[in-house]
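Notes follow the structure.
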Amino acid sequence: MLPTVDFCFKELMQNPKVRKGFISALLDLSPNEVEDTVLLPTLLSRDSADDKLGIMDVRVLLKDGTQMNMEMQVKYFEYWDERALFYLSKMFDSQIRKGESYEKLQKCIHVSILDFIHFPNDNKCYRRIHFRDDQTSQLYSDKMELQILELKKLPPEVKTGEDVLAWMRFFSSKSKEEFQNMAKTNEYLDEAYNTLLNLSADEKKRLEYEAREKALKDYNTQISSAEKRGLKAGEEIGRKAGEEIGIRKGKELGKELGVQEARQVFKLYMQGKSPEEISSLCNISIDKVRQILE
């Protein structure tokens with residue numbers, strides 16, 4: 001099993017020792033300074049039936065009241081920043097009820113473990129983000145924090161003492177040899193490796209893992225298929241447009257429009273919108289929506 005599959009990652013975090021080791025690395029603390037952690041329900045409450053449902057990967061409560069949400073994301077997600085802010089805000093908001101004092105609000109941290117490049121303009125693989133004054137850079141509040149781990153940017157070598165990078169290397173490992181090498185780094189990674197071995201040997205867990213892996217592959221196939229259908233439809237648009245603005249420019253324009261249109265249709269469909277609703281929102285015919293979704 002690979003830890004980058006969210007099912008496997010969530011199972012690893014069920015182990016208190018593994019959880020303690022990873023959290024201590026994220027907080028830049030010695031594991032001895034991290035007291036018992038508690039797994040919280042990952043389903044966020046909604047104030048009304050119209051509110052968007054929020055389901056976290058791993059939500060943890062620390063003894064000092066700090067909450068952490070850890071999300072493993074393998075494939076590129078266009079609106080990841082907005083998603084992270086949504087979950088962080090929902091987690092922060094859920095701490096108090098009507099009539100209670102804001103004084104009760106404790107620190108909340110959203111951790112994004114991404115197996116794709118999110119910030120393409122630098123080589124920094126790990127960052128912590130807070131609210132700061134634009135002019136003075138003075139910290140406004142440490143009550144809300146974002147941590148972003150980009151596995152694809154890991155340096156070739158992980159230096160001793162860089163615990164976060166060691167965990168990132170473990171999560172991005174693909175072979176038994178790589179996992180074994182990382183297990184030698186410290187006792188917490190060794191515990192994670194042994195937990196991974198036990199998970200892989202559990203037939204029921206293996207079936208659940210394979211089902212999740214298949215779902216991810218199916219989703220990627222659907223996205224790819226939608227893009228191809230968009231290209232095909234775009235070529236037809238480009239052919240017609242080319243009669244007026246030139247075959248070459250029209251084809252390029254049509255391809256671009258077709259891809260954008262297909263992606264929008266498929267995105268709305270994955271959000272649960274009906275073909276009729278998609279037709280109205282995208283201002284295209286119902287037949288064309290069905291053609292893209294077929």
Side-chain angles (χ1 to χ4, degrees), residues 1-27 31 34 37-44 54-62 67-77 80 83-84 87-88 91 108-118 125-126 146-154 158 163-176 178-183 185-186 188-202 204-220:
M1 293 188 187
L2 298 178
T4 46
V5 174
D6 52 7
F7 169 80
C8 183
F9 173 71
K10 287 185 276 191
E11 289 293 323
L12 281 174
M13 291 301 117
Q14 294 289 320
N15 184 313
K17 186 172 182 179
V18 175
R19 200 163 63 240
K20 181 176 185 177
F22 183 44
I23 289 174
S24 68
L26 292 171
L27 299 179
V34 178
T37 61
V38 178
L39 288 172
L40 295 177
T42 55
L43 182 64
L44 290 170
I55 305 176
M56 302 178 175
D57 278 359
V58 180
R59 187 182 182 188
V60 182
L61 176 66
L62 279 60
Q67 287 192 45
M68 299 183 73
N69 171 35
M70 296 177 280
E71 300 275 328
M72 176 68 75
Q73 180 68 22
V74 176
K75 299 302 178 183
Y76 175 76
F77 194 102
W80 187 261
R83 174 189 166 94
Y87 278 97
L88 179 61
M91 184 166 52
C108 290
I109 305 172
H110 184 283
V111 182
S112 301
I113 309 163
L114 309 178
D115 199 26
F116 59 86
I117 293 178
H118 187 58
C125 65
Y126 171 62
L146 292 163
Q147 294 200 25
I148 301 175
L149 292 65
E150 296 177 89
L151 302 182
K152 295 295 187 187
K153 287 185 180 178
L154 271 171
V158 176
D163 290 341
V164 170
L165 300 191
W167 278 96
M168 291 174 68
R169 180 69 69 195
F170 177 84
F171 289 141
S172 61
S173 295
K174 304 298 182 186
S175 68
K176 185 176 182 179
E178 288 177 309
F179 285 119
Q180 288 175 332
N181 288 336
M182 294 312 303
T185 306
N186 61 57
Y188 300 95
L189 284 169
D190 182 62
E191 180 74 14
Y193 173 59
N194 286 309
T195 302
L196 197 61
L197 290 178
N198 292 332
L199 282 172
S200 300
D202 187 313
K204 182 179 178 181
K205 297 293 185 184
R206 166 64 65 178
L207 290 173
E208 292 182 68
Y209 169 85
E210 290 176 352
R212 178 56 179 157
E213 193 174 35
K214 180 180 182 299
L216 290 171
K217 289 178 180 177
D218 288 347
Y219 175 79
N220 293 331

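The heavy-atom pair separating L2 from C8 by the smallest distance is O-CB, 3.3 Å. The heavy-atom pair separating R19 from V60 by the smallest distance is CD-CG2, 3.9 Å. Nearest heavy atom pair, residue V18 against residue E191, reads CG2-CG, 3.7 Å. Summarising the geometry of L12 relative to L196, their closest heavy-atom pair is CD2-N, 4.1 Å, with the distance given to 0.1 Å. Heavy-atom minimum distance, M72 versus P3: CE-O, 3.4 Å. The minimum heavy-atom distance between H110 and Y87, with the atom names listed, is CD2-CB, 3.7 Å.
Using a 4.5 Å cut-off on side-chain heavy atoms (C-beta onward), L27 and L62 make contact. Side-chain contact between F22 and M70: present, with at least one pair of heavy atoms (C-beta onward) separated by less than 4.5 Å.
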field: Derivation of the side chain to side chain contact (heavy atoms under 4.5 Å, CB included) call for I23 and Y188
entry: CA-CA 11 Å; I23 289 174; Y188 300 95; over 6 Å; no
task: I would like to know whether W80 and H118 meet side chain to side chain contact (heavy atoms under 4.5 Å, CB included); could you show each step before the answer?
output: CA-CA 9 Å; W80 187 261; H118 187 58; 4.0 Å; yes
message: Walk me through whether M168 and C125 qualify under side chain to side chain contact (heavy atoms under 4.5 Å, CB included).
response: CA-CA 9 Å; M168 291 174 68; C125 65; 4.0 Å; yes
field: side chain to side chain contact (heavy atoms under 4.5 Å, CB included) assessment of V74 paired with V5
entry: CA-CA 7 Å; V74 176; V5 174; 5.6 Å; no
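Residues forming a side chain to side chain donor-acceptor pair (under 3.5 Å) with K20 (at least two apart in sequence, or on another chain): none. Listed by chain and number, the residues in a side chain to side chain contact (heavy atoms under 4.5 Å, CB included) with A183 are D190, Y193 (sequence neighbours excluded). A search for side chain to side chain donor-acceptor pair (under 3.5 Å) contacts involving S173 returns nothing, not counting sequence neighbours. Taking the side chain to side chain donor-acceptor pair (under 3.5 Å) definition, one finds that K17 meets it with E187, sequence neighbours left out. For Q14, there are no side chain to side chain donor-acceptor pair (under 3.5 Å) partners, not counting sequence neighbours. Remark: T185 pairs with A166, M182, L189 by the side chain to side chain contact (heavy atoms under 4.5 Å, CB included) rule, at least two apart or across chains.
Only one option out of L114, V111, D115 pairs with L149 in a side chain to side chain contact (heavy atoms under 4.5 Å, CB included); it is V111. In summary, of the residues considered (E150, K153, Q147), a side chain to side chain contact (heavy atoms under 4.5 Å, CB included) with Y126 occurs for Q147 alone.
The distance from atom CZ of F116 to atom NZ of K152, rounded to the nearest 0.5 Å, is 11.0 Å. Between atom CG of residue L26 and atom CG of residue D163 there is a gap of 10.0 Å, rounded to the nearest 0.5 Å. Rounding to the nearest 0.5 angstrom, the gap separating the CG atom in D6 from the CE atom in M13 is 13.0 Å. Here the straight-line distance linking atom CD1 of I117 with atom CG of L151 works out to 11.0 Å at 0.5 Å rounding. Between the CE atom of M68 and the OG1 atom of T37 there is a distance of 10.0 Å, given to the nearest 0.5 Å. For the atom pair OG (S200) and CE (M1), the distance works out to 5.0 Å, reported to the nearest 0.5 Å.
Residue-environment remark: NZ (K174) exceeds the threshold of 12 foreign heavy atoms within 6.0 Å.
We find that R169 and E178 are not joined by a salt bridge, their nearest charged nitrogen and carboxylate oxygen being 4.0 Å or further apart.
Donor-acceptor pairing under 3.5 Å is lacking for the side chains of Q67 and N69.
The aromatic rings of F171 and W167 lie tilted to each other, with the angle between the two planes from 30° to 60°.
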